[in-house]
Amino acid sequence: MAGVAVAVALRVALGTPDAAASMPAGAVFAAALLGLALGAGWRAGRPSLVAICIGVGGGLVLVATWLSSRTGAAVDLAPVNAAIAVWTPVVVLIAIAEEVVLRGVLFNAARAWGGDRWALALTTILFAAMHLPLYGVGALPLDLAVGLLLGGLRIVSGGVLAPAIAHVIADLAGGWLL
């Protein structure tokens, strides 16, 4: 958890004044998280069609929930330009790195110590806490709900792939849909 805190602090420091929008800070953050995961011995498992389907379903639930909360606002696609071309792979990398560390390394460690409920609670709270410096306290309920859903996908699917896919879909929708 200390390594995650350092990665978040690094992202905030490098991305000031708007760490959430800084692509270089985001890339460094993702690299730091992946380095932590690899250093902790995490290795990717074999992908399964079931995990992929669970992840896509979870991602669609997140996107549908977000779209339904936009009361009457029209939805358009973001214009294809250089900014979104750079933004897309960085956002994918960040989402995957967060899932590998939270729902991979930390979830496994917490589960070994206190079971699935403990692992779900810990990783959900840490997910929300990681996003506090980026989006503020106002986003805390949303981040807790999303963290809970992603953790649930981890439990149901048995691995990191489903929550990683759902996280990527939700984050990309947040940038591609206006």
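All residue numbers refer to positions in the sequence shown, counting from 1.
Rounding to the nearest 0.5 angstrom, the gap separating the CZ atom in R111 from the OG1 atom in T123 is 10.5 Å. Between I52 atom CD1 and I165 atom CD1 the span is 5.0 Å, to the nearest 0.5 Å. Atom CD1 in I125 sits 10.0 Å away from atom CG in L148 (nearest 0.5 Å). Rounding to the nearest 0.5 angstrom, the gap separating the CG atom in L132 from the CG atom in D143 is 7.5 Å. Annotation: the span from M1 atom CE to M130 atom CE amounts to 12.5 Å, rounded to 0.5 Å. To the nearest 0.5 Å, the span separating CG on L161 from CZ on R46 amounts to 12.5 Å.
Both L126 and V12 belong to a common hydrophobic cluster when Ile, Leu, Val, Met, Phe, Trp and Tyr are linked at side-chain heavy-atom distances under 4.5 angstrom. Both V92 and F127 sit in one connected hydrophobic cluster of ILVMFWY residues. Membership requires side-chain heavy atoms under 4.5 Å apart, directly or through other members. When hydrophobic clusters are built by joining Ile, Leu, Val, Met, Phe, Trp and Tyr residues whose side-chain heavy atoms come closer than 4.5 Å, directly or via intermediates, V61 is grouped together with V168. Connection of L142 to L150 is established within a shared hydrophobic cluster, with ILVMFWY side chains joined at heavy-atom distances below 4.5 Å, either directly or through further cluster members. Note on W66 and L172: separate hydrophobic clusters, where clusters join Ile, Leu, Val, Met, Phe, Trp and Tyr whose side-chain heavy atoms are under 4.5 Å apart, directly or indirectly.
Using bins of under 30°, 30° to 60° and over 60° for the plane-to-plane angle, the ring pair Y135/H131 lands in the parallel bin.
With contacts defined as side-chain heavy-atom distances shorter than 4.5 Å, the pair F107/V160 does not qualify. The shortest side-chain heavy-atom distance between L36 and V105 does not fall under the 4.5 Å cut-off. Looking at heavy atoms from C-beta onward, S157 lies out of side-chain contact with S48 at the 4.5 angstrom threshold. The shortest side-chain heavy-atom distance between W42 and V100 falls under the 4.5 Å cut-off. L106 places a side-chain heavy atom less than 4.5 Å from the side chain of V101. By the 4.5 Å heavy-atom criterion applied to side chains, L62 and H167 are not counted as neighbours.
Residues A110 and L122 share a closest heavy-atom pair of CB-CD2, 3.8 Å. Contact detail for G58 and A166: the closest heavy-atom pair is C-CB, 3.8 Å. In terms of heavy atoms, I84 sits closest to A78 at CD1-CB, 3.8 Å.
Panel note: side chain S68, backbone T65; a donor-acceptor pair is recorded below 3.5 Å.
Applying the side chain to side chain donor-acceptor pair (under 3.5 Å) rule to pairs touching residues 81-96 yields T88-W176, sequence neighbours excluded.
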Begin with the C-alpha distance, continue with both residues' side-chain angles, and end with the deciding distance and a verdict on side chain to side chain contact (heavy atoms under 4.5 Å, CB included) for L77 and L177.
-> CA-CA 5 Å; L77 286 175; L177 302 177; 3.6 Å; yes

Mind running side chain to side chain contact (heavy atoms under 4.5 Å, CB included) on N108 and R103 for me, showing each step along the way?
-> CA-CA 7 Å; N108 287 342; R103 256 68 69 181; over 6 Å; no

